[in-house]
A.B. asks: 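Structure incoming, see below.
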Number of protein chains: 2
Amino acid sequence: RRFLKLVKICCKTLSDFWLSRILTFQLLPKIIKRRVYALKRLQLQSANIEAKFYEEVHELERKYAGLYQPIYDKRRDVVAGTVEPTDEECEWQSDREEVELAEDLQKKAALEEKQAESAGTDDPKGVPEFWLTIFKRVDMLEEMLQEHDEPILKHLLDITVKFSEPGQPMSFILEFHFEPNGYFSNSVLTKVYKMKSEPDAADPFSFEGPEIIDCEGCKIDWQKGKDVTVKIVKKKQKHKGRGTIRTVTKEVPQDSFFNFFNPDEDLDFTLATDFEIGHFFRERVIPRAVLYFTGEALEDDESDLDEEGEEEDEGDFDPTVSI
Amino acid sequence: RRFLKLVKICCKTLSDFWLSRILTFQLLPKIIKRRVYALKRLQLQSANIEAKFYEEVHELERKYAGLYQPIYDKRRDVVAGTVEPTDEECEWQSDREEVELAEDLQKKAALEEKQAESAGTDDPKGVPEFWLTIFKRVDMLEEMLQEHDEPILKHLLDITVKFSEPGQPMSFILEFHFEPNGYFSNSVLTKVYKMKSEPDAADPFSFEGPEIIDCEGCKIDWQKGKDVTVKIVKKKQKHKGRGTIRTVTKEVPQDSFFNFFNPDEDLDFTLATDFEIGHFFRERVIPRAVLYFTGEALEDDESDLDEEGEEEDEGDFDPTVSI
């Protein structure tokens, strides 16, 4: 007992929990400790094999990116309105939402719809504001979204992801494709996420697969006076001697989604959040965009969150997480 | 406003959150809704491609299981003491724990260690109680562990996982290997976890990769009177007519880790927990056993939990989760 007390004083940094572990290990006879070290060396070997596994998974992802591409292209065309889907392509009998809506509610909805139709432009192209709507609905993105970003994001045609070539350092590139617009001359804004896919020499056992370690935005060629990531502030200056007053203007950074492409600006934009957002675009928004548009995916995310609240991650048995 | 009110009354089941989504969608002009249905049909196509992706990941896991096997075999031998690792195999210079322990604490530890050594059997084989120690340290397992289970688990030699053959329905088998013991005649206790790896027809968009859908334990051939999953209770019975009293004994189920192999017994053992435990053995305990023995992995799990508390899953950028 006195011993443990002393220990706690010695290593305040260690939680008692963690502490008890170390001690039980420390107090093992040398002959056994020695064998445990042998087991730890074996564990290092499996960590390195694990790294190879994740490289092969990355290869698989590249392969499948190719298989998804035709579907994503079709999505882009339907959203942009360059292609009008055939009746067959639009068949959707068992529409959950419709079903879930009560009878008389549907009447109301139908009514409102008519009004909307007659009110709205008589022939809207594609799915107007598809991506902007998604930005508004996904909390993580909505937090970044500013009023002055919205007119710009109406010109967003598609978001795509590119994976690094085999042999290259592991990374992925998010590409935001814009139609010609009055805000900037770029047709594509890019953000590269670099990943580390081998165990860290200093702490190899913490390796759980590739991690985003760095990201890099791109220069946006704003049209004169259209850069929403800065605002102009006027300042009156009084001349020391003459006492004359002149007004100087200077640019100061302002919140905008477009700071996402220039995160060096340390607005309230931590690297961790940045990584999380990149991960979310890649893993969620791009593969499931329409479900965020309709709201179906949002429901799922919510329940995911609930589950994760409870335990390590109940309900999530995705084997790709394993080994 | 009145409209929304009505809606809420109509569909109490739907959260307002979810609701607002449906409505915005419901109120889209038909011509646009039609295109969105086309996008949903495209989404179905990608869900099916995604299923193929996860099948290939499963193949990869089978391939890598083979690569890990020699390491696991070596671990088993060192733990059992059938192989004594060479000095080279035991080299472990930068030992975090040692470092973190304060000077004088180390002296104390050394002392305690001597005592332990002189006290304990002079020549312990392998790493005694390796797996039992892990059971005691992992909360999820410790919850199932009963005092009467511990002497049995001292005979646990190894835990391994086997993946289903290609072409077969996706599944994995946990195998618990025991040395000959006085409790049951089985040398291996098994638990099969069956998985579903294609989108559910009823709700295809919720597909996030393979899920455990069913599991099956095995019959334990207990030695007479050694079955710890039941206890004998004596009951006095009074004969209606004669009024003579006789004592009858009957078996009633009792808590034990070994109910894990017979979960039909609905003790406080939900299927969800069962799946979670199987997943945890496969993904955590088997690949990282020594780190749970030393406590290092426990530290990691804790911090994982912290992170998951906060957000969807911050800090976890494992790309194998994605697409």
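Hydrogens, waters and symmetry mates are skipped; everything else that's a heavy atom, side chains included, is used. By convention in this document, chain letters (A, B, ...) are assigned in the order of the sequence lines, proteins followed by strands, and residues within each chain are numbered from 1. Fair warning: this is a prediction, and the values are worked out from it, not measured in the lab.
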A.B. asks: Say you draw a straight line from NE2 of A:His279 to CE of A:Met195; how long is it, rounded to the nearest 0.5 Å?
C.D. replies: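 Atom-to-atom, A:His279:NE2 and A:Met195:CE are 10.5 Å apart.
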
A.B. asks: Name the region of A:Leu44, side chain, backbone, both or neither, that has any atom closer than 4.5 Å to a heavy atom of chain B.
C.D. replies: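 When you check distances to chain B, only side chain atoms of A:Leu44 fall under 4.5 Å.
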
A.B. asks: Parallel under 30°, tilted from 30 to 60°, perpendicular over 60°: which one fits the rings of A:Tyr68 and A:Tyr64?
C.D. replies: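 A:Tyr68 vs A:Tyr64 ring planes: tilted.
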
A.B. asks: Could you label the plane-to-plane angle of the A:Phe280 and A:Tyr292 rings as parallel, tilted or perpendicular, counting under 30° as parallel and over 60° as perpendicular?
C.D. replies: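 Plane angle over 60°, so perpendicular.
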
A.B. asks: How are the rings of B:Phe172 and B:Tyr193 set relative to one another: parallel (under 30°), tilted (30 to 60°) or perpendicular (over 60°)?
C.D. replies: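 Parallel: the ring planes of B:Phe172 and B:Tyr193 meet at under 30°.
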
A.B. asks: Heavy-atom pairs under 4.5 Å with chain A: which of B:Pro70, B:Pro85, B:Gly81, B:Ala47 has the most?
C.D. replies: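 Of the options given, most contacts go to B:Pro85.
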
A.B. asks: Shorter than 4.5 Å, heavy atoms on both sides: which option in A:Glu88, A:Lys74, A:Arg34 has the most such pairs with chain B?
C.D. replies: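 Looking at each option in turn, the highest pair count goes to A:Arg34.
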
A.B. asks: Non-hydrogen atoms of chain B under 4.5 Å away: do they reach the side chain of A:Gln43, the backbone, both or neither?
C.D. replies: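 Looking at A:Gln43, just its side chain touches chain B.
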
A.B. asks: Would A:Thr294 and A:Glu296 count as having a side-chain donor-acceptor pair, cut-off 3.5 Å?
C.D. replies: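 Yes.
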
A.B. asks: Let's test your reading of the structure: which of A:Ile286, A:Thr133, A:Asp87, A:Val79 forms the most heavy-atom pairs below 4.5 Å with chain B?
C.D. replies: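 Most heavy-atom pairs under 4.5 Å with chain B: A:Asp87.
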
A.B. asks: Where on A:Lys63 is there a heavy atom nearer than 4.5 Å to chain B: the side chain, the backbone, both, or neither?
C.D. replies: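 Only the side chain of A:Lys63 comes within 4.5 Å of chain B.
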
A.B. asks: How many angstroms lie between atom CZ of A:Arg75 and atom CD of B:Gln45, to the nearest 0.5 angstrom?
C.D. replies: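 Here the interatomic distance stands at 12.0 Å.
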
A.B. asks: Return the option, out of B:Val36, B:Val78, B:Leu60, with the maximum number of heavy-atom pairs under 4.5 Å with chain A.
C.D. replies: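 Most pairs with chain A among the choices: B:Leu60.
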
A.B. asks: Does any backbone or side-chain atom of B:Ser197 lie under 4.5 Å from a heavy atom of chain A? Answer side chain, backbone, both or neither.
C.D. replies: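 Neither part; nothing is under 4.5 Å.
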
A.B. asks: Should the pair A:Phe205 and B:Trp92 be assigned to parallel (<30°), tilted (30 to 60°) or perpendicular (>60°) ring geometry?
C.D. replies: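 Correct class here is parallel.
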
A.B. asks: Which answer fits A:Glu84, side chain, backbone, both or neither, if we ask what part of it has an atom under 4.5 Å from a heavy atom of chain B?
C.D. replies: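 Only the side chain of A:Glu84 comes within 4.5 Å of chain B.
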
